[in-house]
Amino acid sequence: MNNLKYYIDLEKATRYKGRGDILEATAVMNDLTDVKLISQKTGEIIPIGNVLRMTLRRDDCIYQPVFCTAAISSGILEIIKENDKQIEVKALFTDEQKERFPKDFGKYVLVIRAVDFVKRIQERFREKKISYIASFIKYVDFSKNHIEQLNAFKDGALDIFFWKDISLAYQIEHRMVILNPDLKTPFIFDLGDLSGFCKLISAEEFFNEEMLITINKD
């Protein structure tokens, strides 16, 4: 797992927002008037004036390792057929997802059965006393101000890890953040054999072939 600084630096280096995102762990504010800086040491007030955009980054968060996946959830599923015991659904990917996933993340997709994967993570992390938090990403329009995001920054809330600009909503991201330790090098952790609930296929097959999923009601 790479830390957030890796993804911040990736967009800086490539000047391309996708896998890299310069606004990780950042609160974004727009169209500010009469901005002032106040020195915490001297109390000196430095007038700045009007500001079109200001970003505030939680530098104490950028060394947290993250594990990011695209989550196939109910929002992109269409019911094909249903009976008393099962529902059969198919995933509906947009043209943008079909184009950008291979471009941004490579030509292969690792399909993971989430229930078994999460159980394995919980067992191994509990053994090693590793703390983490996980959630779906909240995509919002960063050209507008969002008081919830600013409050998360101000209050030091862990919610700051899960905000991204709406331009990245095609990623349908679910993210796991390792809270201990924070690292300047990739976090490598052995989860054991995952072959029982993972399958590697080409991105072309994944996004262009009809993928049917059967869900048990019980």
Side-chain angles (χ1 to χ4, degrees), residues 1-32 35 37 48 51-73 75-76 93-110 112 132-179 181-189 203-204 206-207:
M1 302 180 193
N2 287 306
N3 60 33
L4 289 179
K5 187 176 186 300
Y6 170 86
Y7 298 104
I8 293 168
D9 292 343
L10 184 60
E11 184 182 350
K12 288 180 180 178
T14 63
R15 298 185 180 182
Y16 176 77
K17 183 180 291 294
R19 198 156 68 94
D21 182 9
I22 204 170
L23 295 178
E24 291 282 12
T26 298
V28 181
M29 296 177 290
N30 303 277
D31 299 321
L32 305 178
V35 176
L37 296 181
I48 301 298
V51 176
L52 289 178
R53 169 171 279 201
M54 178 181 290
T55 58
L56 302 173
R57 172 170 293 135
R58 286 275 303 278
D59 283 344
D60 61 316
C61 294
I62 64 174
Y63 293 107
Q64 306 302 146
V66 294
F67 181 77
C68 308
T69 58
I72 298 178
S73 59
I76 65 168
F93 297 109
T94 66
D95 290 340
E96 182 183 19
Q97 287 170 327
K98 293 177 182 179
E99 176 187 351
R100 292 204 61 179
F101 265 107
K103 178 181 178 181
D104 294 352
F105 300 105
K107 59 182 181 179
Y108 292 100
V109 173
L110 182 65
I112 303 172
Y132 72 95
I133 184 173
S135 180
F136 292 97
I137 292 294
K138 184 175 184 178
Y139 296 100
V140 297
D141 184 353
F142 276 2
S143 69
K144 300 178 181 178
N145 295 323
H146 300 275
I147 189 63
E148 299 95 337
Q149 186 191 39
L150 182 59
N151 286 338
F153 175 87
K154 178 174 64 70
D155 298 338
L158 296 177
D159 184 55
I160 197 67
F161 289 113
F162 302 106
W163 291 77
K164 298 188 89 169
D165 186 67
I166 198 168
S167 64
L168 298 174
Y170 74 92
Q171 295 179 356
I172 51 176
E173 182 182 339
H174 182 273
R175 170 176 290 183
M176 175 191 303
V177 183
I178 305 300
L179 300 177
D182 55 343
L183 297 170
K184 295 185 179 181
T185 57
F187 176 63
I188 300 173
F189 190 83
E204 181 179 2
F206 183 80
F207 288 107

- Message: Please determine whether side chain to side chain contact (heavy atoms under 4.5 Å, CB included) holds for the pair Gln64 and Asn3, giving the CA-CA distance in whole Å, both sets of side-chain angles, and the decisive distance to 0.1 Å.
- Response: CA-CA 5 Å; Gln64 306 302 146; Asn3 60 33; 5.8 Å; no
- Message: Test your reading of the model: is there a side-chain donor-acceptor pair from Glu173 to the backbone of Cys68, 3.5 Å cut-off?
- Response: no
- Query: Do the side chain of Asp155 and the main chain of Ala157 share a donor and acceptor less than 3.5 angstrom apart?
  - Reply: no
- Query: Within the side chain of His146, is there an N or O that forms a donor-acceptor pair under 3.5 Å with the backbone of Val28?
  - Reply: no
- Determine the interplanar angle of the Phe101 and Phe207 rings, folded into 0 to 90°, and report it as parallel if under 30°, tilted if 30 to 60°, perpendicular if over 60°. parallel
- What orientation do Phe93 and Phe206 show, parallel under 30°, tilted 30 to 60°, or perpendicular over 60°? tilted
- pair Tyr170-Glu99: side-chain heavy atoms closer than 4.5 Å: no
- Message: Out of the candidates Glu96, Gln97, Lys98, only one should pair with Arg100 under the side-chain contact (heavy atoms from CB on, under 4.5 Å) rule; please name it.
- Response: Glu96
- Task: Decide if atom OH of Tyr16 counts as having more than 12 heavy atoms of other residues, nucleotides or ligands within a radius under 6.0 Å.
- Result: yes
- Message: Using the rule side-chain contact (heavy atoms from CB on, under 4.5 Å), only one of Leu23, Thr26, Ile137 pairs with Lys164; which is it?
- Response: Ile137
- With a 4.5 Å limit on heavy-atom distance, are the side chains of Phe153 and Met29 in contact? no
- Task: Inspect the surroundings of CD in Glu204 and state if more than 12 heavy atoms from other residues, nucleotides or ligands are less than 6.0 Å away.
- Result: no
- Query: What residues, two or more places apart in sequence or in another chain, satisfy side chain to side chain contact (heavy atoms under 4.5 Å, CB included) together with Lys12?
  - Reply: Ile8, Asp9, Ile22
- Answer whether the closest heavy-atom distance between the side chains of Val140 and Gln149 falls below 4.5 Å. no
- Message: For the CD1 atom of Ile172 and the OH atom of Tyr139, what is their distance to the nearest 0.5 Å?
- Response: 8.0 Å
- Please round to the nearest 0.5 Å and tell me the distance separating atom CD1 of Ile147 and atom CG of Asn151. 4.5 Å
- For Phe162, is the NZ or CZ atom of Lys138 found under 6.0 angstrom from the centre of its six-membered ring and inside 45 degrees of the ring axis? no
- Item | From Leu52 atom CG to Ser143 atom OG, the distance as rounded to the nearest 0.5 Å | 12.5 Å
- Message: Quick check for you: to the nearest 0.5 Å, what is the distance between Leu150 atom CG and Asn145 atom CG?
- Response: 8.5 Å
- Query: Is a side-chain donor or acceptor of Asp21 paired with a backbone partner of Tyr7 at a separation under 3.5 angstrom?
  - Reply: no
- Message: Tell me the closest heavy-atom pair linking Gly106 and Ala203, and the distance in Å.
- Response: O-CB, 3.9 Å
- Kindly write out the residues that satisfy side chain to side chain contact (heavy atoms under 4.5 Å, CB included) with Phe67, not counting sequence neighbours, or none if the list is empty. Met1, Thr69, Phe117, Met176
- Query: With Glu24, which of Lys17, Arg175, Lys5 fulfils salt bridge (Lys or Arg N to Asp or Glu O under 4.0 Å)?
  - Reply: Arg175
- Message: Donor-acceptor check, side chain of Arg19 to backbone of Leu10, threshold 3.5 angstrom: yes or no?
- Response: no
- Query: About how many Å separate NZ of Lys184 and CD1 of Ile62, when rounded to the nearest 0.5 Å?
  - Reply: 8.5 Å
- Minimum-distance pair of heavy atoms, taken over all atoms of Ile160 and Cys61: CG2-SG, 4.1 Å
